[in-house]
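Okay, so here's the structure we're looking at.
Note that the numbering runs from 1 along the sequence shown for the chain. Counting starts at 1 for both ligands and their atoms, in listed order. What you see is a predicted model, and the numbers here were worked out from it, not measured in a lab.
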Amino acid sequence: MAEELPTEVSEQEKVSEAEIAVHWKEEEYYYPSEAFVEQANAADPAILERFSEEHFPECFQEYSDLLAWDEPWNQMLDSSNPPFWRWFVGGRLNASYNCLDRHLEKYGDKAAIIWVPEPESEETQFITYSDLHRRVNEFAALLQDFCELKTGDRVTFYLPMIPELPVSMLACARIGVIHSEVFGGFSGAACGDRIADSGSHILVTVDGYYRSGELQDHKARADEALDAAAKLGQTVDKVLVWRRHPGQYASKSPMVEGRDFFVDEIIGKYRDEVVTPVSMPAEAPLFLMYTSGTTGRPKGCQHSTGGYLAYVAGTAKYYEDIHPEDIYWCTADIGWITGHSYIVYGPLMLGTTTVIYEGVPTYPDAGRAWRIAEKLGVNIFHTAPTMIRMLRKLGPDEPAKYDYHFKHLTTVGEPIEPEVWRWYHEVIGKGEAVIVDTWWQTENGGFLGSTLPAVHPMKPGSCGPAVLGIYPVIYDEDGKEVPAGSGRAGNICIRNPWPGLCQTVWGQPERFVDIYYGKFCKDRSSKDWHDWPYLAGDGAVQAADGYFRILGRVDDVINVAGHRLGTKEIESAALTVDEVSEAAAVPVVDEVRGRAVEIYVALKPGTAPSKAIENKVKEAVDRLIGKIARPRSVWIVQDMPKTRSGKIMRRVIAAISNFGDVGDVSTLANPEIVDEIRHHVQSEKVKRGDQPRELTPEEAAELRSFGHAE
Ligand code: WT7
């Protein structure tokens with residue numbers, strides 16, 4: 001991480017940042033309805049006391065009691081080897097048993113999953129707990145027998161939003177195999193990296209799926225992933241291909257004899273087979289979830305079985321307020337942590353019905369989401385600010401036309417503007433629903449900051465206080481505590497370990513220590529967890545009432561539509577273009593996606609700038625990462641603004657792209673370049689009509705700290 005302190009931030013700048021914060025308008029509280037409070041899983045404020053710091057770590061007994069254990073644990077928390085915390089030591093359990101078998105008697109005939117295909121002409125599928133149990137068992141049998149998988153092996157999935165994804169996850173979990181799902185929208189190359197990093201010999205994928213009305217050729221991209229993995233030295237022995245329409249092949253990519261198999265052709269052999277769930281130690285890894293960090297190599301966050309499941313069950317019960325009789329719909333993709341925790345594991349552990357929708361919630365029109373909600377009786381709806389902004393833009397009056405009633409709404413993934421929050425509350429929520437703004441990260445397993453919906457009032461733009469059993473602190477750059485109500489922003493950290501936190505970065509334990517603990521652990525030899533605050537990488541301010549307002553990333557991560565993209569990854573992709581010698585990716589404020597990516601490139605000597613090079617850069621990013629990371633603009637510049645030590649000042653470029661204040665640039669090695677770039681970029685933007693509105697103080701503060709963690 002920090003190779004050198006961000007000397008570019010002068011004392012004066014720190015002060016002005018503080019002043020900005022002080023002047024933020026305090027938003028008014030909103031209160032839950034009586035009807036909500038009456039039925040809530042946690043309505044008694046006594047729960048806050050039970051989870052207060054003096055009851056740590058025993059408080060998490062309540063969460064572990066939500067699980068079915070084969071063997072009870074004998075030690076709640078083993079913190080003897082910081083920061084590799086072990087939870088529920090000695091306990092044994094199975095994730096698939098916890099999501100399926102234990103519900104069969106009571107809920108066997110109830111829908112576990114309602115799957116909504118994107119084409120409206122295709123029928124919605126109601127998959128009961130018994131059906132799901134059967135499908136999971138058959139696939140588990142196939143994985144065990146046909147693929148010869150055993151506990152501890154890794155399997156990569158490259159699957160979109162189809163029921164076969166949770167079936168595959170739970171089948172792996174049933175036999176103690178570690179699953180690693182790669183978001184279906186990522187490029188084949190990105191998937192290949194993750195196959196290689198996890199050491200998977202088996203890939204599970206699908207021939208195609210619908211998105212925005214088109215049947216995507218997904219198998220072709222899976223083949224690219226296999227090539228990319230092979231180049232990194234990882235051979236995949238078997239590729240299991242589910243078919244979107246069994247019996248029909250949607251891809252143009254040929255099946256490779258002896259390697260590729262249609263699941264629908266081989267699963268018949270395992271019809272009605274039952275696989276005994278393998279009793280796994282609480283500490284056994286359940287899955288890997290890759291995320292972007294401050295360097296190019298993606299990080300495989302390794303999540304445990306016992307700690308993760310307990311944390312997700314507890315937070316889903318109290319914060320999502322899930323009851324078995326609810327119809328719950330989260331629009332995230334299962335390819336992200338939100339989907340793992342709050343589409344699959346959380347809802348199924350609690351025996352509720354979880355809706356999985358294949359496609360784009362605004363396809364074919366802005367009413368689609370509300371037709372789904374009305375038809376299925378969805379009463380808990382969970383989405384991201386980017387989706388709310390999109391729904392508001394495309395159909396501000398649409399929700400009122402449909403007869404659905406939400407009791408509960410979630411927002412997650414990025415800060416939500418108070419104005420957008422109010423629209424969510426009044427229009428989507430029809431003024432009836434509570435909102436929880438849940439702040440957390442891939443690494444965390446479950447929520448870190450949120451209001452407890454029947455206990456705390458809501459405040460637009462703030463996630464709320466820390467959740468049960470989480471004790472945060474905000475540190476300034478020097479590690480001094482920034483008190484609540486000071487109006488100053490700093491680095492939000494969590495002082496204590498918690499069961500949902502990932503165990504390590506797969507295969508890179510030293511990176512786990514450096515990234516999350518390197519900055520504020522004062523004594524690496526300390527065996528006391530109090531000396532190991534977890535660094536989230538977000539800037540935050542805490543108001544006098546204890547509520548946190550999250551400002552966004554302080555490291556080199558750009559949050560596009562709630563998805564984390566590392567600047568280094570995007571830059572590495574740009575550098576694969578022959579003509580490019582240097583690249584710097586920065587965030588720009590975007591009305592719908594929160595942030596979009598712009599990339600600045602310098603060319604090799606003697607190369608003339610051209611539209612063709614710009615396009616090559618965009619294509620390289622598409623191909624190597626995925627469309628989600630595609631830069632909105634590629635700016636070819638003579639040179640990058642750099643410090644005397646040669647570091648590219650992304651903060652300065654970000655300010656230019658956003659028409660913000662570049663601050664003091666006099667200490668740069670080449671200050672004259674700043675005006676040149678500004679003139680070039682901003683006049684072009686004005687010509688294109690691409691000039692953003694004035695930045696809010698929050699945005700200005702975020703951009704000011706962007707790139708500090710270089
Ligand atoms: C980053 C984590 C796990 C949730 C999905 C994203 C930002 C997340 C909020 C929120 C403000 C938020 C943070 C965080 N973020 N939720 N409610 N308010 N910012 O997971 O890809 O690991 O990204 O998303 O910057 O660090 P992720």
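When only interatomic distances are considered, the shortest N/O to N/O separation between T438 and ligand 1 falls below 3.5 Å. The distance criterion of under 3.5 Å between nitrogen or oxygen atoms is not met by T411 with respect to ligand 1. Considering backbone and side-chain N/O of N559, one or more are found under 3.5 Å from N/O of ligand 1. Polar contact with ligand 1: absent for H563 (N/O pair, distance under 3.5 Å).
For ligand 1, the atoms closer than 4.0 angstrom to any heavy atom of I550 are 11 (C), 19 (N). Close approach of ligand 1 to I337 (heavy-atom distance below 4.0 Å) involves ligand atoms 3 (C).
Side chains of Y342 and T315: a donor on one and an acceptor on the other come within 3.5 Å. Of the N and O atoms on the side chains of Q503 and S304, not one donor lies less than 3.5 Å from an acceptor on the other residue. When only modelled atom types and interatomic distance are considered, H382 and W329 share no side-chain donor-acceptor pair under 3.5 Å.
Atom 7 (C) of ligand 1 has G413 O, 3.3 Å as its closest protein atom, hydrogens excluded (heavy atom only). Shortest contact from atom 4 (C) of ligand 1 to any protein heavy atom: V412 CG2, 3.5 Å. The nearest heavy-atom contact from the protein to atom 22 (O) of ligand 1 is T442 OG1, 2.5 Å. Scanning the protein for heavy atoms near atom 23 (O) of ligand 1, the closest one is R564 CD, 3.0 Å. Among all non-hydrogen protein atoms, the one lying nearest atom 5 (C) of ligand 1 is T338 OG1, 3.6 Å. For atom 14 (C) of ligand 1, the closest heavy atom belonging to the protein is D538 OD2, 3.1 Å.
A cation-pi arrangement, defined by a distance under 6.0 Å to the six-membered ring centre and an angle within 45 degrees of its axis, is present between R194 and F186.
Heavy atoms of P415 found under 4.0 angstrom from ligand 1 belong to the backbone as well as the side chain. When heavy-atom distances to ligand 1 are checked against a 4.0 Å cut-off, Q441 comes that close through both its backbone and its side chain.
Taking the six-membered ring for Trp and thresholds of 30 and 60 degrees, F60 and F51 have ring planes more than 60 degrees apart, a perpendicular arrangement. Taking the six-membered ring for Trp and thresholds of 30 and 60 degrees, Y345 and H179 have nearly parallel ring planes, at less than 30 degrees apart. The aromatic rings of H408 and F36 are tilted relative to each other, their planes meeting at an angle between 30° and 60°.
Atom CD of E569 sits about 10.5 Å away from atom CG of L624, to the nearest 0.5 Å. Taking CG from L551 and CG from D538, the interatomic distance works out to 8.5 Å, rounded to the nearest 0.5 Å. If you take CG on N444 and SG on C502, they are separated by 7.5 Å, rounding to the nearest 0.5 Å.
Within the structure, the closest approach of G562 to ligand 1 falls below 4.0 Å when heavy atoms are considered.
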